[in-house]
Amino acid sequence: HAKKNRIVDFIFFQPALSDLFQRNAMIESELRKAILYDQIQVYYQPKIELESGKIYGVEALSRWEHPRMGFISPEEFIPIAEESGLIHELGSYVLKKACKQLKVWHESGYEPIQVSVNVSARQFENLKFIEMLKGVLNKTQLSAEYLELEITESIIQNITQSQPLLNELKAIGISLSIDDFGIGYSSLSKLRQLPIDSLKIDRTFINDLNTNDHTIVKTIIEMGHNLHFNLVAEGIENKKQLEILKRYNCQYGQGYLFSKPLPVEEVEHFLTSK
Ligand code: C2E
Ligand code: MG
Ligand code: MG
Ligand code: MG
């Protein structure tokens with residue numbers, strides 16, 4: 001019976017699979033052009049200090065509206081960019097845009113905020129990454145203290161390999177944050193050996209708060225604080241989650257409750273004048 005199903009699956013999924021390959025190949029070649037012709041936009045999602053409700057930073061997120069294919073989610077094109085190596089170009093493109101934008105906001109008389117930029121593991125493996133980053137800071141004249149890089153737990157699997165690079169980033173004055181914390185397998189004790197500033201608690205755990213399952217969130221916050229990390233909750237969608245997070249002394253967060261990622265003009269409503 002099982003064997004028969006496998007044959008049915010094979011025949012049935014064959015066309016779907018080739019469609020997927022075709023779409024991926026199309027996305028890869030279109031993405032190459034989109035970067036070249038400046039068709040990728042950067043949106044910014046406010047990061048909030050939970051007690052005061054004030055914005056203290058934004059996360060830069062890539063947005064791609066393809067003229068024919070329509071909206072393509074980063075969940076779809078980032079993995080393709082990573083596999084094809086296009087992530088290096090895309091990564092520096094987004095970093096440049098974000099740093100430039102921050103500098104504009106700083107010079108417009110707003111209370112200065114920080115920008116967080118997502119960095120893929122593959123970018124970290126690139127020996128020219130640090131040079132590229134210094135180049136961008138130098139060119140945009142954004143002070144490194146206003147830049148944070150969001151990296152995933154996979155980057156730090158190999159501590160001996162990642163430590164020198166992280167130390168170098170830290171020495172420049174950049175902040176480092178672990179994105180989607182809790183779904184990988186890095187232990188907090190391993191993390192404390194690295195110059196990490198913040199942990200972003202993965203959305204799935206914030207979601208658990210809706211069903212009164214506080215265990216993991218509470219544990220991450222308590223242990224994180226004991227190890228002197230800043231704690232940021234991602235994916236806060238309702239007041240109930242917010243109240244629970246505040247009760248456990250989680251200081252920072254972001255999510256649709258405050259704002260979805262926004263284009264430049266709309267972020268400005270959140271900024272306060274000096
Ligand atoms: P991420 O870095 O964990 O970013 C947070 C994702 O959660 C974003 O999805 C954001 O729109 C979404 N989000 C924020 N608040 C809420 C909420 O309250 N509820 C829900 N359901 N979702 C929320 P987005 O923009 O689709 O990005 C997905 C992922 O793609 C990002 O996850 C990040 O890993 C990656 N990504 C996006 N832009 C870039 C980029 O420029 N470079 C790299 N390397 N990765 C990127
Ligand atoms: Mg992120
Ligand atoms: Mg995240
Ligand atoms: Mg995520």
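Remember, it's 1-based here, ligands and their atoms both numbered in the order they're listed. None of these values were measured; they are calculated from a predicted model. Counting begins at 1 with the first residue of the sequence.
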Is Glu30 salt-bridged to Lys33, going by a charged N under 4.0 Å from an acidic O? yes
Could you check whether any heavy atom of Glu82 sits closer than 4.0 Å to an atom of ligand 1, since that is the contact criterion I want to use? no
Give a yes/no verdict on whether any heavy atom in Gln254 is under 4.0 Å from an atom of ligand 1. no
Chi angles and distances behind the side chain to side chain contact (heavy atoms under 4.5 Å, CB included) call for Ile27, Arg23: CA-CA 6 Å; Ile27 286 180; Arg23 181 170 165 90; 3.9 Å; yes
Atom indices of ligand 1, in the order listed, that fall short of 4.0 Å to a heavy atom of Ile78: 36 (N), 39 (C), 40 (C), 42 (N), 43 (C), 45 (N), 46 (C)
At the 4.0 Å heavy-atom cut-off, does Lys260 count as touching ligand 1? no
Among the N/O/S atoms of Glu150, which is closest to the Mg ion (ligand 2)? Give the atom name. OE1
Under a plain distance cut-off of 3.5 Å, with no hydrogens placed, do Tyr93 and Asp38 share a side-chain donor-acceptor pair? yes
For Leu262 versus Glu266, what's the shortest heavy-atom pair and its separation? CD2-OE1, 3.6 Å
Would the Trp64 and Phe71 ring centres measure less than 6.0 Å apart? no
May I ask you to check whether Asn118 brings an N, O or S atom to under 2.8 Å from the Mg ion (ligand 2)? yes
Tell me which N, O or S atom from Asp180 is the closest to the Mg ion (ligand 3). OD1
How about Glu234: does one of its N, O or S atoms come closer than 2.8 Å to the Mg ion (ligand 3)? yes
Would you tell me whether Lys47 and Ser116 have side-chain atoms, one donor and one acceptor, within less than 3.5 Å of each other? yes
Asp179 backbone or side-chain N/O/S under 2.8 Å from the Mg ion (ligand 3): yes
Hey, is Lys200 touching ligand 1 through its side chain, its backbone, both or neither, going by heavy atoms under 4.0 Å? neither
Look at Glu59 and state whether any of its N, O or S atoms is less than 2.8 Å from the Mg ion (ligand 2). yes
